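Note that the coordinates shown come from a computational prediction; the quantities given were computed from them, not determined experimentally. Counting starts at 1 for both ligands and their atoms, following the listed order. We're numbering straight along the sequence, starting at 1.
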Amino acid sequence: MRVLKFGGTSVANADSIRRVVETVLSGDQKKQVIVVVSAFGGVTDDLLDLARHASEGGAEVKERLKKLEDRHVGVIRSLLNVKKQSDTLTRFKMLMNELEDVLQGVSLTRELTRRTTDFILGFGERFSALIISHCLQNEGVAAEFVDARELIQTDARYGQAKVLLEPTCQRVESFFEKRKGISVVTGFIASTPNGVSTTLGRGGSDYTVSLIGAILKVKQIEIWTDVDGLMTADPSMVKRAFPIREVSYEEAMELSHFGAKVIYPPTIQPALQARIPIVIRNTFHPELPGTVISETSGDREGLIRGLSSISDVSLITLKGSGMIGVSGVSGRMFSTLAREQINIILITQASSEHTVTVGIQPEHATRAKRSLEKEFRLEIQEGMIDEVRVEKDLSIIAAVGDNMRQIPGIAGRVFSALGRNGVNIVAISQGSSERNISFVVSRKDEKKALNTLHDAFFMAGVKTVHLFLVGVGLIGSKLLELFENQIEVLYDKYLLDIRLKGVANSEKMLLCSDEESIGFSSWREQLESEGRKSSLKTFVREMKACNLPNSVFVDCTASQEVSEIYPEVLSSSISVVTPNKIANSSSMEYYDELKSLAARHNAAFRYETNVGAGLPVVATIHELVTTGDSVHRIEGVLSGTLSYIFNSYNGEMPFSEIVRQAREKGFTEPDPREDLNGHDVGRKLLILIREAGYRMEFDDLDIENLVPKGARNAGSVEQFFEVLKEFDGEFSELLNSAADQGKKLCYIARFEGGKASVKLEEIDRDHPFYGLAGSDNIFALYTDHYLETPMVVKGPGAGANVTAGGIVADILRVANTKARSNDE
Ligand code: ADP
Ligand code: ASP
Ligand code: MG
């Protein structure tokens, strides 16, 4: 005997019903087959809407009924041959008329009882079982329509009726004993001993099949749906969820209780008692093995088996110092809620007994609050209980696994992974079964929490990083190009999955909040065609709303406005990576604020490329200091532009000509005065000084401005060059006087004895900077450990390639510190 069930997702239209028929016929044709079916996908919801609409005296009952009819008739017409159609249509029409009559009654009386609702909802399954049984007959096999109301008896708790086991067993056994061929049974519906229609609760067809399978003691119960099995998480929430091969009954029960909709929670009980495995298979991929739910959970590997969540819950808290030591408060709380038929999903109690919190469905929140206030009226009056508090817009997440019982520390790992991603935990409850840790988070964090935990526990070390980039000029676009080339290596070799979720320039911006990402090779076209008008505020707001784990905001602009948004970004636990040095070189107070926000919100703030492009200077100083060294002196040529100018200036060409040439080669800012005034070098030096642990403001720096006073106010850049010519003589004198002593000119940033300066200096052959060539930067660090000979870092300190490379390195560092996974 074969017992199988097809859910609404498997019988949504003619195509999928064709697959159902194939699957049913694929087995041994001699065997007796029981097929339980749900209503066509969405029909139960439509019926519920229709009933409510009718009870409100709505005017569209007929139109809506017609739509429902057309949908079913469409399936009949496309699946059955013409001869068979008329019989099916007649029977279907009879059911439709019955439905229409009831709805008319509801319309007239404007009354919709729970009992009538159950009757109306049952039509979905009656339609589909009728049509599917005829489809099977159409294939030449013996198939009959079976109305489960004849078999399954329940009490009269409409909407969620309880099965009366004894009469049901008797009926099921005797009914199927005499049957041959295929029986197509309506799922979900049943009746009271008096013959009144009931339903087993939404999703209840799973329960119908489990019940029948258990009573008939079949070898296994098959549940066919639209996913590859019971998955590690809801695939609509976690894109990388994958099917679990084997789970225990208990694990499946916990997962479904906490929201894994693929199986209706009461389904497990009958199968468990009869020790019959349930197999969950995909109707659209019958070649896949699916999930077996049985007594053992198969391989004992893996710390947790799956994650699930309930999207919308409310918490009710009873709080008060008078509760301590008073017995029976929780008992009274639970009985009050039970009396109101309010189901408790989760319970937590502070060890001091100061508070008791329960999670319930939001639609019961007001009723729960009112009844508890009534129950505890005296205690509230006497101040023993402060209040009955309701919190809304919350979600419950559950991590489930039998192995939790043996392995300590899982809760710690769950919460530290969430903490690193700024997910705030509202309440925690560890099930007494110990195979479940459930906790409450804000609803907006639900998806993030699930994905964070899924990556941490199931992705064998894969770390996903979500990038939001502002500024796609030379450096920003180079950065994306580097990722484009590296993306596969990063995934295959380093298990890093880098996704571009947002891009903006000053005109346009584009964000992907869903599973989609922006292509590293197609971002330019996507930004052009799908981009909206740019707004930094909106970009940041939407980036926060995406609420993705391991998010990194990359600022590749040189904008003050963008640098001012970092506090908001860091406060949302989003890391910041940037070559923009404005933030770190503004006030010390701001610098401190950024560091403390980053620490407080578990976000990284990385800016290696603020100084010396990709050269490892910032991190080097930082590491020296954190390992206990102390930096006494920093010397450096910190500007590629000025390095080039003075390395090229040997007297053959006038100074103004050298500057002009540097500008033509693209080495300078559009206005070279911005290089020559030394401010940029000053900002870099300031950042290094602060990184070395000293506190200093920009105004404390002594900067020699190389723009001659007379040229500072020249209007255009051309005019500036004209005026600069007049000073060629002065520069030439400086050069000659140095050359006379065998020295060179060098624009050096220096920090020593607590004082910082940026000055044009003469250096002799022995100086470590004497051999500097081209546009290279050089840094000499004198520390406790590098006292005699400094630590020197030298190399190209500017250019899109090296800067973008440095930014990639920073992003990878963030990925490795933020998204630690199983290996911690
Ligand atoms: P059916 O109509 O076949 O009964 P349901 O819609 O009731 O199907 O259940 C299947 C859906 O359950 C899937 O499409 C999926 O979105 C959802 N789901 C939630 N959690 C899980 C999970 N852990 N594994 C598989 N599916 C899940
Ligand atoms: N059709 C019912 C529902 O939508 C039962 C089921 O699908 O299992 O809830
Ligand atoms: Mg279902």
Would you call V426 and F439 a side-chain contact if the rule is heavy atoms closer than 4.5 Å?
no
I want to check something: taking the side chain as every heavy atom from C-beta on, are N421 and N550 in contact at a cut-off of under 4.5 Å?
yes
Considering only NZ, NE, NH1 and NH2 on the basic side and carboxylate oxygens on the acidic side, decide whether E222 and R2 come within less than 4.0 Å.
yes
Indicate whether the side chain of S210 and that of T267 have a donor and an acceptor atom separated by less than 3.5 Å.
no
Please tabulate, one line per pair, the protein nitrogen or oxygen atoms found under 3.5 angstrom from a nitrogen or oxygen of ligand 2, with distances to 0.1 Å, or say none if there are no such pairs.
{"unit_1": "ligand 2", "atom_1": "1 (N)", "unit_2": "T44", "atom_2": "OG1", "d": "2.7"}
{"unit_1": "ligand 2", "atom_1": "1 (N)", "unit_2": "E125", "atom_2": "OE2", "d": "2.7"}
{"unit_1": "ligand 2", "atom_1": "4 (O)", "unit_2": "T44", "atom_2": "OG1", "d": "3.3"}
{"unit_1": "ligand 2", "atom_1": "4 (O)", "unit_2": "R202", "atom_2": "NH2", "d": "2.9"}
{"unit_1": "ligand 2", "atom_1": "7 (O)", "unit_2": "S38", "atom_2": "OG", "d": "3.2"}
{"unit_1": "ligand 2", "atom_1": "8 (O)", "unit_2": "G203", "atom_2": "O", "d": "3.3"}
{"unit_1": "ligand 2", "atom_1": "8 (O)", "unit_2": "G204", "atom_2": "N", "d": "3.4"}
{"unit_1": "ligand 2", "atom_1": "8 (O)", "unit_2": "S205", "atom_2": "N", "d": "3.0"}
{"unit_1": "ligand 2", "atom_1": "8 (O)", "unit_2": "S205", "atom_2": "OG", "d": "3.1"}
{"unit_1": "ligand 2", "atom_1": "9 (O)", "unit_2": "R202", "atom_2": "NE", "d": "2.6"}
{"unit_1": "ligand 2", "atom_1": "9 (O)", "unit_2": "R202", "atom_2": "NH2", "d": "3.4"}
{"unit_1": "ligand 2", "atom_1": "9 (O)", "unit_2": "G203", "atom_2": "N", "d": "2.8"}

Any salt bridge linking R114 with D118? Criterion: basic side-chain nitrogen under 4.0 Å from a carboxylate oxygen.
no
Just wondering, are more than 12 heavy atoms of other shown residues or ligands nearer than 6.0 Å to CZ in R202?
yes
Using 30° and 60° as the class boundaries, would you call the ring planes of F242 and F458 parallel, tilted or perpendicular?
perpendicular
List the atom of V61, the atom of S107, and the distance in Å for their closest heavy-atom pair.
CG2-OG, 4.1 Å
Should the pair R126-E98 be classified as a salt bridge under the 4.0 Å nitrogen-to-oxygen rule?
yes
Tell me the residues surrounding ligand 1, counting only those with a heavy atom closer than 4.0 angstrom, sorted by chain and number.
K5, G7, G8, T9, T225, D226, V227, G229, L230, M231, A233, D234, P235, A260, K261, V262
